[in-house]
Structure formats: C-alpha cells, structure tokens
There are 2 protein chains.
Amino acid sequence: MAKNCNFIEKLRELGLRPTKQRVKMCEVLFNREKTFHFTINDLVKMISEEMNEKISLATVYNTVHAFEKKGYLKEISINSDKSYFDTNTSVHHHFYDEDTHELIDCDENDIDPVNIKKNITGKKINSVEVLVKVESDNQNQKKFN
Amino acid sequence: MAKNCNFIEKLRELGLRPTKQRVKMCEVLFNREKTFHFTINDLVKMISEEMNEKISLATVYNTVHAFEKKGYLKEISINSDKSYFDTNTSVHHHFYDEDTHELIDCDENDIDPVNIKKNITGKKINSVEVLVKVESDNQNQKKFN
DNA sequence: AATCTACATTATAATAATTCTAAACTGTTG
DNA sequence: CAACAGTTTAGAATTATTATAATGTAGATT
Ligand SMILES: [Mn+2]
Ligand SMILES: [Mn+2]
Ligand SMILES: [Zn+2]
Ligand SMILES: [Zn+2]
C-alpha cells in the first residue's frame with residue numbers, strides 16, 4: 001500500500017477519510033515488509049496492543065471490508081467458523097496446516113500452473129486457486145496405547 | 001450411502017441410532033442418484049417440504065456433523081457467511097459461480113493433476129483442491145449508460 | 001415385565017460472528 | 001459561522017453456530 005507512513009494521503013486518494021481509526025489500521029496492516037494472514041480477532045488484538053483507545057469491532061469490520069473493496073485486502077475461506085484475510089491480494093495458492101490452523105502462502109514456483117480443461121459457456125474465469133491441506137506426519141511416531 | 005431405503009440398518013452399522021429425524025435426513029440427503037451441494041438452510045427447507053413435523057435446527061447441525069464425521073458428508077468453505085456441504089465426499093475440485101452462488105463439481109478430467117513441488121518437513125498432504133471462481137462474461141454485452 | 005442405569009439424542013438456551021442503523025462527525029456552501 | 005449532505009462510527013440487532021440441560025432409549029438387574 002505504501003512504503004513509509006504516509007497513509008493519510010493514500011487514504012484520501014482512495015476516497016476514504018483519513019480518520020484515526022483508519023490510519024491506525026493502515027499502520028498495523030500495511031506498515032511492514034512481508035504480507036500476512038489474519039482473522040478479525042487477530043487484528044483487534046494487534047490494534048489494542050499498539051493503541052490504548054480501542055476501535056469498535058464494527059468499525060474494524062467496516063474498515064477491513066472497505067480496504068477489501070479497494071483491493072488492498074483479500075478474504076480467504078478455509079473453515080466456516082473463522083474468516084481469514086490476507087494482505088497479499090494477488091491470486092495465489094495456500095497450504096493450510098490443520099494442526100496449527102496456520103495459513104501459508106505458496107510461492108509462484110511451489111505449484112505448477114493449473115490446467116483447466118472445462119469451460120462453462122457464458123462464464124469467464126476470475127481466479128484459480130489451490131488449497132493444500134496438511135497435517136503433521138506421525139507415520140513413524142509410535143504410540144504406546 | 002445406500003441404494004434403496006434401508007437407512008435404519010445403515011445407521012445402526014455406523015453406530016448411530018436410527019431416530020426418525022436421522023432416517024428422514026438420510027432420505028433427503030442420500031436417497032438420490034446424483035450428489036449435490038447444500039447449505040444448512042437449504043437442508044432445513046428440503047426437510048420441512050417433505051415432512052410436516054419439523055426437526056430442530058440444532059438437530060440438523062448435529063446430524064450433519066455426525067454424518068460428516070462418519071465420512072458421508074464433506075464441508076466446503078467458499079464464503080465466510082455460508083457453509084456448504086457436499087454429498088460427494090471424494091477429494092475433488094469446484095467451480096463457484098459468483099453471480100448465482102452455485103457450486104459445481106469438477107469431473108476427474110476437467111482439471112489436470114496439480115503438481116505440488118513444495119513440501120513442508122514433518123507434514124503430510126491431506127488434500128489438494130482447486131477452486132475456480134467464475135462469473136458471467138459480459139465482454140460483448142454493451143451497456144447504454 | 002418392571003426398574004434401573006448409562007449413554008445417546010434432541011432441542012432450547014447461550015454464545016460468537018457479522019451486519020444494520022441511528023447517532024456523531026466532517027467537509028462544503030452560502 | 002450556520003445549514004446541509006454525505007460519511008463514519010459504534011451500539012444494537014441479527015444470524016450462524018455451539019453448549020448444555022432435559023429427554024429418550026437400549027441393555028442390565030431384579
Ligand atoms: Mn467480505
Ligand atoms: Mn464441521
Ligand atoms: Zn495468502
Ligand atoms: Zn462438490
């Protein structure tokens with residue numbers, strides 16, 4: 001979204017008023033080197049750790065969805081119970097660790113291009129994404145009982 | 001699950017008591033030729049159409065999860081808001097129509113095998129599934145304003 | 001067969017996730 | 001410096017899901 005901390009200007013460009021809630025959320029979400037995955041609850045925790053005033057949960061939802069609509073966040077559905085968001089908005093694949101519930105991005109060359117042979121008339125393809133579910137490999141680990 | 005309607009015996013085999021709620025849900029879910037996708041709400045509607053007594057929503061959840069645990073239903077996450085279930089329990093790929101919110105199964109030969117090059121040490125792959133999001137192709141359709 | 005008991009099942013009540021909307025705020029115009 | 005028209009916030013309401021108390025059932029025991 002931006003290299004340094006000029007989120008006020010960036011928000012204005014997007015047509016979003018640079019309120020203190022939004023600027024803080026920009027800092028928490030976009031003022032970092034690497035992209036990452038989070039749930040709304042993760043985000044609320046991150047905000048409250050960095051700020052003493054709390055942002056209402058509804059505002060966190062509103063702002064996340066505003067950023068999503070502008071294309072700076074992406075929603076990822078893995079489980080029905082938790083909704084994940086991703087600051088990496090490109091079309092990309094994921095590993096999901098069913099033990100730790102951790103979501104890991106795939107690199108461009110981790111998975112070969114997926115070849116779709118079927119096409120549905122009148123429909124165009126928006127995205128093709130692979131989800132690889134993994135869990136710890138206990139095949140060697142013998143259990144006593 | 002079964003060709004004809006002997007769900008009572010089948011439920012017993014699974015260690016589930018053949019209550020009238022469960023037998024009815026078996027009929028609605030498994031007494032058909034083709035597999036299909038549904039939400040909990042879809043299912044509640046289907047049940048109430050076929051039955052005059054209603055089954056409590058919590059029981060529908062309980063039973064769906066019981067069938068899922070026994071391997072006769074599979075949960076599919078597309079959106080955070082709706083949870084889809086699938087009577088096709090095999091590992092398979094999906095097209096998701098973002099206009100109609102319809103979920104369509106991929107055939108074995110609709111998508112070439114996905115080649116995963118990355119492997120995470122200590123973790124084994126449980127499933128590899130592709131989600132293809134499509135929407136109506138309006139590239140020709142000119143809008144007046 | 002009637003009673004007891006342990007466990008399974010149901011469905012109401014409680015909780016958690018998400019959205020709605022009324023109130024507060026801000027920027028613009030006269 | 002009002003008045004007004006959005007915009008934004010956040011408490012209230014809704015919806016999805018789960019926890020648990022009440023109910024039902026299949027043996028075991030008499
Ligand atoms: Mn969303
Ligand atoms: Mn489930
Ligand atoms: Zn990602
Ligand atoms: Zn399917």
Side-chain angles (χ1 to χ4, degrees), chain A residues 7-29 37-48 51-70 72-85 101, chain B residues 7-29 37-48 51-70 72-85 101:
Chain A
F7 293 119
I8 292 170
E9 204 37 56
K10 185 69 196 179
L11 282 165
R12 280 218 186 83
E13 280 171 34
L14 296 175
L16 296 171
R17 282 190 194 156
T19 62
K20 65 174 190 298
Q21 290 90 340
R22 284 174 177 167
V23 172
K24 172 50 73 181
M25 285 180 66
C26 281
E27 287 169 6
V28 170
L29 290 173
H37 305 107
F38 63 93
T39 65
I40 293 288
N41 255 312
D42 295 338
L43 183 54
V44 167
K45 257 175 222 147
M46 293 166 78
I47 293 165
S48 64
M51 206 161 70
N52 25 14
E53 307 159 75
K54 76 155 197 148
I55 301 177
S56 136
L57 183 58
T59 300
V60 176
Y61 272 98
N62 285 341
T63 306
V64 163
H65 283 137
F67 291 169
E68 184 191 8
K69 200 178 291 177
K70 295 291 179 181
Y72 292 95
L73 287 177
K74 181 177 163 153
E75 194 168 359
I76 314 270
S77 289
I78 305 287
N79 287 316
S80 53
D81 50 332
K82 280 179 193 178
S83 189
Y84 288 83
F85 288 88
H101 304 279
Chain B
F7 292 119
I8 291 170
E9 204 37 56
K10 184 69 194 177
L11 282 165
R12 278 216 188 84
E13 279 171 34
L14 296 173
L16 296 171
R17 283 191 194 155
T19 62
K20 66 176 189 296
Q21 290 90 340
R22 284 174 176 166
V23 172
K24 172 51 72 180
M25 286 181 64
C26 281
E27 285 169 6
V28 170
L29 291 172
H37 305 107
F38 63 94
T39 65
I40 293 286
N41 256 309
D42 295 339
L43 183 55
V44 167
K45 256 174 224 148
M46 292 167 78
I47 293 164
S48 63
M51 206 162 70
N52 26 13
E53 307 161 74
K54 74 157 199 148
I55 300 177
S56 136
L57 183 58
T59 301
V60 176
Y61 272 96
N62 285 341
T63 306
V64 163
H65 284 139
F67 290 170
E68 183 191 8
K69 199 178 290 177
K70 295 292 179 182
Y72 293 95
L73 287 177
K74 181 176 162 153
E75 194 168 1
I76 316 270
S77 288
I78 306 286
N79 289 315
S80 54
D81 49 334
K82 279 179 194 178
S83 190
Y84 288 83
F85 289 88
H101 303 280

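Just so we're on the same page: letters track the sequence lines, and every chain starts at 1. Only heavy atoms go into these numbers, but all of them, side chains included; no hydrogens, no water, no symmetry mates.
Between A/Phe38 and A/Phe85, the ring planes are parallel. Angles under 30° get that label, and only those over 60° would be called perpendicular.
Here B/Lys24 pairs with B/Glu27, B/Glu50 under the salt bridge (Lys or Arg N to Asp or Glu O under 4.0 Å) rule; sequence neighbours left out. Partners of B/Val44 according to the side chain to side chain contact (heavy atoms under 4.5 Å, CB included) rule, which considers only residues two or more places apart in sequence or in another chain, are B/Ile40, B/Leu57, B/Val60. In terms of the ring pair (Phe, Tyr, Trp, His ring centres under 6.0 Å) criterion, A/Tyr84 has no residue partners (sequence neighbours excluded). A/Asn41 pairs by the side chain to side chain contact (heavy atoms under 4.5 Å, CB included) definition with A/Thr39, not counting sequence neighbours. Considering only residues two or more places apart in sequence or on other chains, A/Thr19 meets the side chain to side chain contact (heavy atoms under 4.5 Å, CB included) condition with A/Arg17, A/Gln21, A/Arg22.
The interatomic distance linking A/His65 (NE2) with D/dT9 (P) rounds to 15 Å, in whole Å. When rounded to the nearest whole Å, the span between CG of A/Leu43 and P of C/dT18 equals 13 Å. Rounded to an integer number of Å, the gap from A/Leu11 CG to D/dT7 P is 15 Å. One atom, OH of A/Tyr84, and another, P of C/dT18, lie 12 Å apart when rounded to the nearest Å. Rounded to whole angstrom, the span from the NZ atom of A/Lys69 across to the C1' atom of D/dT8 amounts to 13 Å. The CD1-P distance, from B/Ile8 to D/dA26, rounds to 12 Å in whole Å.
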In B/S/- notation, 5' to 3', how is nucleotides 8-16 of chain C contacted by protein heavy atoms closer than 4.0 Å? SSBBB----
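The side chain of B/Tyr61 contributes an N or O atom lying less than 4.0 Å from OP1 or OP2 of D/dT17.
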